[in-house]
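Scroll down for the structure; my scribbles are underneath it.
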Amino acid sequence: MKKLFAALAVSAMFSLAVATPSAEDALKMLKEGNERMVSGKMIHPNSDAARRTLAATSDQGQFAYATILSCSDSRVPAEYIFDAGVMDLFVIRVAGNVADTDEIGTIEYGIAHVNTPVVVIMGHSGCGAVKAVTAATQGHGHALEYNIPPLVDNIGPAVERAIHEHKDAAGTAVVPFAIEENVWQSVSDLFTKSAAARRLALEGKIKVVGALYDIGTGNVNWLPEEKVTKLLSAAEANPKKQTKEFAGEPTKDAKTHH
Ligand SMILES: [Zn+2]
């Protein structure tokens with residue numbers, strides 16, 4: 001029995017050995033991967049048949065190190081940008097990198113089940129979704145297909161803030177500011193609508209970071225972490241924030257009525 005116990009203890013140590021890295025280490029891996037891509041020194045890690053075999057027989061939660069919300073734009077491929085491979089990144093790509101119910105639900109899966117220590121919300125230069133919403137806000141929009149308005153409505157407040165804060169930037173000159181504001185909008189929407197994301201961030205179990213990808217140079221510009229902290233505090237203070245961490249959880253009101 002003692003031998004069996006020892007064997008189990010050793011196997012437990014081995015499973016700890018493949019545990020995902022800390023948030024700082026995960027961020028370092030993303031930064032180094034992007035630097036390799038930009039400098040033409042990609043190593044295409046974790047992309048061979050052995051990795052696929054491992055993927056088929058493993059829990060991705062022991063390997064994937066970042067959840068990434070970015071745009072569907074064909075110029076913004078996540079694994080390429082970070083020189084990553086199979087079972088490295090848990091990726092959500094949607095027009096305008098918006099954080100609405102489906103995207104936030106996917107991020108919750110990434111942080112609570114795939115257990116990635118880092119969440120990257122990444123906008124990009126030349127984002128068509130932000131351009132379209134900016135044009136519409138400035139009064140020269142065009143007809144949108146039926147399902148597009150409820151998709152891009154999350155971007156509206158970001159564009160309005162950018163226009164308000166950069167009155168000197170006329171016409172399309174405001175778009176780069178709107179693209180950055182739209183990253184902050186998604187961070188704010190995530191924290192406001194996800195009690196799980198707030199708790200894990202407050203407990204230091206995940207780190208949420210904003211980033212801007214330059215489609216021309218390939219550079220990922222990492223945005224100030226203090227701003228994420230501010231948005232987390234603002235979401236905590238928001239009386240309209242979602243307080244239920246789990247589906248089916250009774251509200252505090254419902255509890256007191258019983
Ligand atoms: Zn885009």
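As the structure is a computational prediction, the values presented were derived from the model and not from experiment. Read the numbers this way: they start at 1 and go in the same order the structure lists the ligands and their atoms.
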All ring-ring contact (aromatic ring centres under 6.0 Å, His included) counterparts of H44, not counting sequence neighbours: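 Partners of H44 by the ring-ring contact (aromatic ring centres under 6.0 Å, His included) criterion come out as none, since no residue qualifies.
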How is the hydrophobic cluster of F90 composed, in terms of its other members, when Ile, Leu, Val, Met, Phe, Trp and Tyr link through side-chain heavy atoms under 4.5 Å apart, directly or indirectly? Y109, V114
Any donor-acceptor pair under 3.5 Å from E180 side chain to F177 backbone: no
Which residues satisfy the side-chain hydrogen bond (donor to acceptor under 3.5 Å, both in side chains) test with E226, sequence neighbours excluded?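 If we apply the side-chain hydrogen bond (donor to acceptor under 3.5 Å, both in side chains) test to E226, skipping adjacent residues, there are no hits.
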Tally of protein N/O/S atoms under 2.8 Å from the Zn ion (ligand 1)?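 That number is 3, waters not included.
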Checking N46 against D88: is there a side-chain donor and acceptor pair closer than 3.5 Å? yes
So, R198 versus Q242: side-chain donor-acceptor pair below 3.5 Å or not?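 Q242 and R198 do not have a side-chain donor-acceptor pair below 3.5 Å.
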